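Please read the structure below before turning to the comments.
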Amino acid sequence: MRSVVRRAALVWLVGIVVLLRTAQAQTQAPTMTAGVLVYSQYGIQLRTDSVTNRHLSAFDITRAYINVVGKFTDGVGVRVTPDIYRVADGSLAFRLKYAYATWTPEKSPITAKFGLIHTPWLDWEEALWDYRMQGSMAMERFRSAAGAGYLSSADFGAGVDGKFGYDKVNFQIGAYNGEFYSKPEGDSYKDIEARASVRVLETDDHSRVGGLRVTGYAGIGSPTGGGRRNRYIGMVSYKSKLLTLAGEYGRARDRLDNLPPVTGTPTPPAPVPLTDSDVFSFFGVLNVPGKKVGIIGRYDLQKPDVNLADNKQERLIAGVSYQLTPQVRVLGDIDNFWNQAGVYTNAVNSTRTTGFIHMQFAF
């Protein structure tokens with residue numbers, strides 16, 4: 001009788017070991033997932049166009065992303081994200097937004113990335129704002145003295161990101177080409193960018209952007225042809241399930257040197273003297289308790305050259321959103337823009353105040 005019991009116990013123990021090994025193998029098995037994120041909109045100019053005497057309007061797809069993510073053994077992962085976007089001639093074009101490999105050592109709070117990767121600031125700020133469907137953030141939307149946005153959300157490079165104490169400290173640092181993801185590198189210069197965010201007070205939002213946080217960013221580099229491309233940002237933010245509030249100040253320093261033309265290449269751009277710019281952004285989101293409704297507001301201010309008077313651009317955004325389903329969100333908003341410098345042309349004046357219906361859907 002005892003031998004039968006011992007044999008049964010042995011069989012049971014062997015079965016448990018086999019099941020545990022099978023479960024472990026299943027958790028370590030490679031996985032591949034795919035998803036789609038689309039931003040669509042209808043916009044109407046609230047001022048009449050003096051040429052057509054109409055309120056011009058248009059339906060559009062502003063962005064469409066296809067996210068393919070792979071997770072493999074030993075902490076290795078990959079992501080490839082094509083980006084479909086509207087170009088200057090009005091057509092839709094296709095390009096890569098992200099394409100990178102990651103490695104997270106076992107039990108490590110740090111992840112290494114290589115390829116076409118996120119830059120440290122905009123991905124983090126967009127997660128805090130949570131309304132990228134309305135448009136890009138201030139440091140990306142406003143133009144620098146060299147003619148491009150101050151920052152890009154992705155670039156070719158390598159870096160690490162990580163967290164400590166359940167996201168009490170969240171950080172990212174990397175080396176990048178500096179020409180953004182839409183351009184190849186033009187010379188040997190590289191940009192170094194870093195962000196660190198510290199949560200000083202807990203809330204009921206335990207995400208990487210939740211709580212009362214103090215966040216800083218610095219980016220130091222040179223554009224193709226030599227010069228300066230330095231960015232410094234400081235932010236204080238508060239995020240709970242009910243409320244998001246944030247205030248941001250950014251300083252940009254740009255200089256573009258004038259290099260002699262090279263045979264077989266286009267004439268290089270004219271030099272840009274050393275120019276300091278200031279960017280301020282304040283935004284908030286109130287999620288109505290017990291409802292699927294959110295009320296948003298945002299104010300952006302740019303001084304393209306702090307040494308010039310009457311040199312200011314402002315944008316005010318206000319709207320209401322509704323979470324139709326977990327996959328679909330709708331936003332109605334008014335976008336107002338003022339440009340203090342120069343005289344308004346008809347084209348600029350007609351687009352200064354625009355009403356939008358945005359829809360974001362993901363699956």
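Quick caveat, the model's predicted, so the values are computed rather than measured.
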Take I84 and Y65 through the test side chain to side chain contact (heavy atoms under 4.5 Å, CB included) and record every step on the way to the result.
CA-CA 6 Å; I84 301 169; Y65 301 101; over 6 Å; no
Other residues, nucleotides and ligands only: do more than 12 of their heavy atoms fall within 6.0 Å of OH on Y232?
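For Y232, atom OH is crowded (more than 12 foreign heavy atoms under 6.0 Å).
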Heavy atoms of other groups near Y166 OH, more than 12 under 6.0 Å:
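Check fails, neighbour count at 12 or below.
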Using 4.0 Å as the upper bound for N to carboxylate O, is an ion pair formed by [Y] and [X]?
X    : Y    : answer
D83  : R63  : yes
R141 : D300 : no
D123 : R208 : yes
R253 : D276 : yes
K303 : D305 : no
D167 : R199 : no
R315 : D335 : yes

Is a side-chain N or O of [X] found less than 3.5 angstrom from the main chain of [Y], in a donor-acceptor match?
X    : Y    : answer
T111 : W103 : no
T275 : P273 : yes
D204 : K241 : yes
T81  : Y98  : no
Q172 : H118 : yes
T203 : K239 : yes
S144 : A148 : yes
R79  : V69  : no

Test side-chain hydrogen bond (donor to acceptor under 3.5 Å, both in side chains) on Q323 and R329 and set out the steps.
CA-CA 4 Å; Q323 193 73 43; R329 177 191 282 180; 3.1 Å; yes
Looking only at the side chains, is there a donor atom on one of [X] and [Y] sitting less than 3.5 Å from an acceptor on the other?
X    : Y    : result
K71  : T31  : no
S207 : D205 : yes
S153 : E126 : no
S237 : R213 : no

Checking side-chain hydrogen bond (donor to acceptor under 3.5 Å, both in side chains) for the pair E140/Y150: CA distance, chi angles, key distance, verdict?
CA-CA 6 Å; E140 185 178 15; Y150 291 106; over 6 Å; no
Give, for atom [atom1] of [X] and atom [atom2] of [Y], the distance between the pair rounded to the nearest 0.5 Å.
X    : Y    : atom1 : atom2 : result
L92  : D60  : CG    : CG    : 7.0 Å
D130 : R132 : CG    : CZ    : 12.5 Å
L212 : Y238 : CG    : OH    : 8.0 Å
E125 : M137 : CD    : CE    : 3.5 Å
Y100 : K113 : OH    : NZ    : 4.5 Å
Y181 : F156 : OH    : CZ    : 10.5 Å

Side-chain touch [X]/[Y], heavy atoms, less than 4.5 angstrom:
X    : Y    : value
Q134 : H358 : yes
W129 : R298 : yes
I334 : F356 : no
M139 : I233 : yes
Y131 : L331 : yes
L37  : Y39  : yes
V306 : R251 : yes
D155 : S152 : no

Considering non-hydrogen atoms only, spot the tightest contact between I357 and G332 and give its length.
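Minimum heavy-atom separation between I357 and G332: CD1-CA, 4.0 Å.
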Pair Y176, T119 - check side-chain hydrogen bond (donor to acceptor under 3.5 Å, both in side chains), show working.
CA-CA 8 Å; Y176 306 85; T119 53; over 6 Å; no
When you look at I110 and T104, which way does the side chain to side chain contact (heavy atoms under 4.5 Å, CB included) test go after all the steps?
CA-CA 6 Å; I110 295 175; T104 306; over 6 Å; no
Show your working on side-chain hydrogen bond (donor to acceptor under 3.5 Å, both in side chains) between Y217 and E193 and close with a plain yes or no.
CA-CA 7 Å; Y217 165 91; E193 301 179 35; 2.9 Å; yes
Angle class for the F280/F282 ring planes (parallel below 30°, perpendicular above 60°, tilted otherwise)?
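Answer is parallel, since the angle falls under 30°.
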F164 and F171 aromatic centres sub-6.0 Å
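F164 vs F171: aromatic centres under 6.0 Å.
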For a side-chain contact (heavy atoms from CB on, under 4.5 Å) with L116, tell me which candidate from V80, N177, L96 qualifies.
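The side-chain contact (heavy atoms from CB on, under 4.5 Å) with L116 is passed solely by L96 among V80, N177, L96.
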